[in-house]
There are 2 protein chains.
Amino acid sequence: MTRILLVEDDERIAADIAATLAAQGYIADLEADGEEAWFRGDTEDYAAVILDLGLPGMDGLSILKRRRGNGRNMPVVVLTARGAWSERVEGIDAGADDYLPKPFQMEELIARLRSVLRRHAGQASSLTTIGELSVDERKMRVAVRGVPLNLSSLEYRLITYLVRNRDRVVPQHELIEHVYASDAEPDSNALEVLEGRVRRKIGRDLIETRRGSGYSMKEPEA
Amino acid sequence: MTRILLVEDDERIAADIAATLAAQGYIADLEADGEEAWFRGDTEDYAAVILDLGLPGMDGLSILKRRRGNGRNMPVVVLTARGAWSERVEGIDAGADDYLPKPFQMEELIARLRSVLRRHAGQASSLTTIGELSVDERKMRVAVRGVPLNLSSLEYRLITYLVRNRDRVVPQHELIEHVYASDAEPDSNALEVLEGRVRRKIGRDLIETRRGSGYSMKEPEA
DNA sequence: CGCCCCCTGTCAGCTTGTTGTCAGGTTCAA
DNA sequence: TTGAACCTGACAACAAGCTGACAGGGGGCG
């Protein structure tokens, strides 16, 4: 059975989500208080956690961090207020598995939840290889030619998103949304800088720039 | 035409589903035996699979996993016995695209099937070929005789528009509208220049000029 | 508390690809 | 034959993307 811990203080939103989850066959335990949520997440066994970062009492971030501290390792989908910039990066650092800026579509939430569950429970499928690059999403490991790489969280998110969508061209705005879990800042070449840093680590020619369109992983020709 | 592979051993249910599918315009191939189903799913081409997990002979889960193992990637809607939660979780891991606990309403099944098909269609690698030219809209890649081309975004837009409308002559003003975002510039031979650049890359005789009317892709005679 | 290191955004300058313009040439249809 | 439609190579302006340097902030550790 699939139990989900839902940490959300806004009653209306919480009810919505809970209903949707139920309709999809998940069992949702609702928790509005951060402290309490942390306790429950630590003692009971959930398949995943949906966590709103805008909590009173104890902020979601601390939960995330503490969660990481002990052995437990359930996947976490984080809900953030749109544009809460500082929360984003920190949250990513703290180890969220996926992000969803509010407001969002319920289908979107379900989709992410599914993918997070699948990835987490993942078997052999969590290891993806493209040429000499291998990505193990379960272990959060990226290696080139077998040599493990030291990636920051943003770099890791960039790679995994590209790898997951390796069969198409990912527009930069989409990449930004997923890497930073929110809409882009107006003018900033942050993504390009990140792109460059990643390239320096994994090799210059694995990510292809499609000028005017986006980026895509370059599959080695068979 | 949309063919669905229906893997279900209960004859009554199978007949029900098959009838419903037929009524909705799908063509359903029924298969009661798991082993056999796996074989068919692997050799024939279906738009989707409806799979009952409670199969004798070979359990549905193995089919799912094997399916993921090889290249094939048709969407799968899984039917589970009520409350068979463990199956469900495993199923998710194995890569089912949607679930339906028994008993269910036929409308519900159709709805899920539709949504799964729709979702999947968005990911299909849409590959069009005209003679030696192949256009993969998903990867945004154009190749001639298997050799991938380096096209700018305008060039790419030009080609795809022509390819999409290969069965008619596209007037230049229409081409301009679609290649450039709306408003055409008054007098300028920009399009002709673009046209030339594209031709130089894909081969001089693939695009035919209809003097005074427009352009059209030249289909090789069969 | 203070130090240091890592992460990451900003900035400025640079490189390179893209694209419209133009001038002249070529083709085609009447 | 003639004029309009179309093609082409060259060029210059522009924009997209890349890079190295730098600084602020946070976390870890003594």
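Residue numbering restarts at 1 for every chain, and letters A, B, ... go by the order of the sequence lines.
Of the side-chain N and O atoms in A:Tyr180, one or more sit less than 4.0 angstrom from OP1 or OP2 of C:dG9. Note on B:Arg211: every side-chain N or O is 4.0 Å or more away from OP1 and OP2 of D:dG3. For the pair A:Ser152 and C:dC6, the criterion of a side-chain N or O lying under 4.0 Å from OP1 or OP2 is not met. Taking side-chain N and O atoms only, B:Ser188 has a distance below 4.0 Å to OP1 or OP2 of C:dT21. Residue A:Gln172 places at least one side-chain N or O closer than 4.0 Å to OP1 or OP2 of D:dG17. Taking side-chain N and O atoms only, A:Thr209 has no distance below 4.0 Å to OP1 or OP2 of D:dA16. Taking 4.0 angstrom as the limit, B:Arg199 places a side-chain polar atom (N or O) nearer than this to OP1 or OP2 of D:dC7. OP1 or OP2 of C:dA29 has not a single side-chain nitrogen or oxygen of B:Arg210 nearer than 4.0 Å.
The CG-P distance, from A:Leu151 to C:dC6, rounds to 15 Å in whole Å. In this structure, the CZ atom of B:Arg197 is 11 Å from the P atom of D:dG9, given to the nearest Å. Atom CG of B:Asn150 and atom P of C:dT16 are 15 Å apart (whole Å). We find that CD of B:Glu155 is positioned 9 Å from C1' of C:dT19, with the value rounded to whole Å. Atom pair A:Glu192:CD and C:dG13:C1' shows a separation of 14 Å (rounding to whole Å applied). Atom CZ of A:Arg157 and atom C1' of C:dC7 are 15 Å apart (whole Å). To the nearest angstrom, P of D:dA16 lies 19 Å from CD of A:Glu208. Here D:dC7 presents its C1' atom at 10 Å from CD of B:Glu195, a figure rounded to the nearest Å.
Annotation for B:Arg168: atom CZ counts as buried by contact number, over 12 foreign heavy atoms lying within 6.0 Å.
Comparing D:dG9, C:dT19, C:dA23 by their nearest atom to the side chain of B:Asn189 picks out C:dA23.
Ion pairing of B:Arg138 with A:Asp167 is present here, as a side-chain N (NZ or NE/NH1/NH2) and a carboxylate O approach within less than 4.0 Å. The pair A:Asp29-A:Arg3 meets the salt-bridge criterion, since a charged nitrogen lies less than 4.0 angstrom from a carboxylate oxygen.
At a threshold of 4.0 angstrom between heavy atoms, the contacts of B:Leu194 with the nucleic acid are absent. If you check every strand for non-hydrogen atoms under 4.0 Å, B:Tyr156 touches nothing.
Along DNA chain D, the nucleotide nearest A:Gly212 and the nucleotide nearest B:Gly196 are compared for position; the residue whose nucleotide lies closer to the 5' end is B:Gly196.
With hydrogens and angles ignored, no donor-acceptor pair closer than 3.5 Å exists between the side chain of B:Arg200 and the base of D:dT8.
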Kindly determine whether B:Leu206 and B:Val198 satisfy side chain to side chain contact (heavy atoms under 4.5 Å, CB included), including the steps that lead there.
CA-CA 10 Å; B:Leu206 288 182; B:Val198 167; over 6 Å; no
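Side-chain polar atoms of B:Arg199 and B:Thr209 form a donor-acceptor pair below 3.5 angstrom.
Atom CG of residue A:Leu30 and atom CG of residue A:Asp9 lie 9.5 Å apart, to the nearest 0.5 angstrom.
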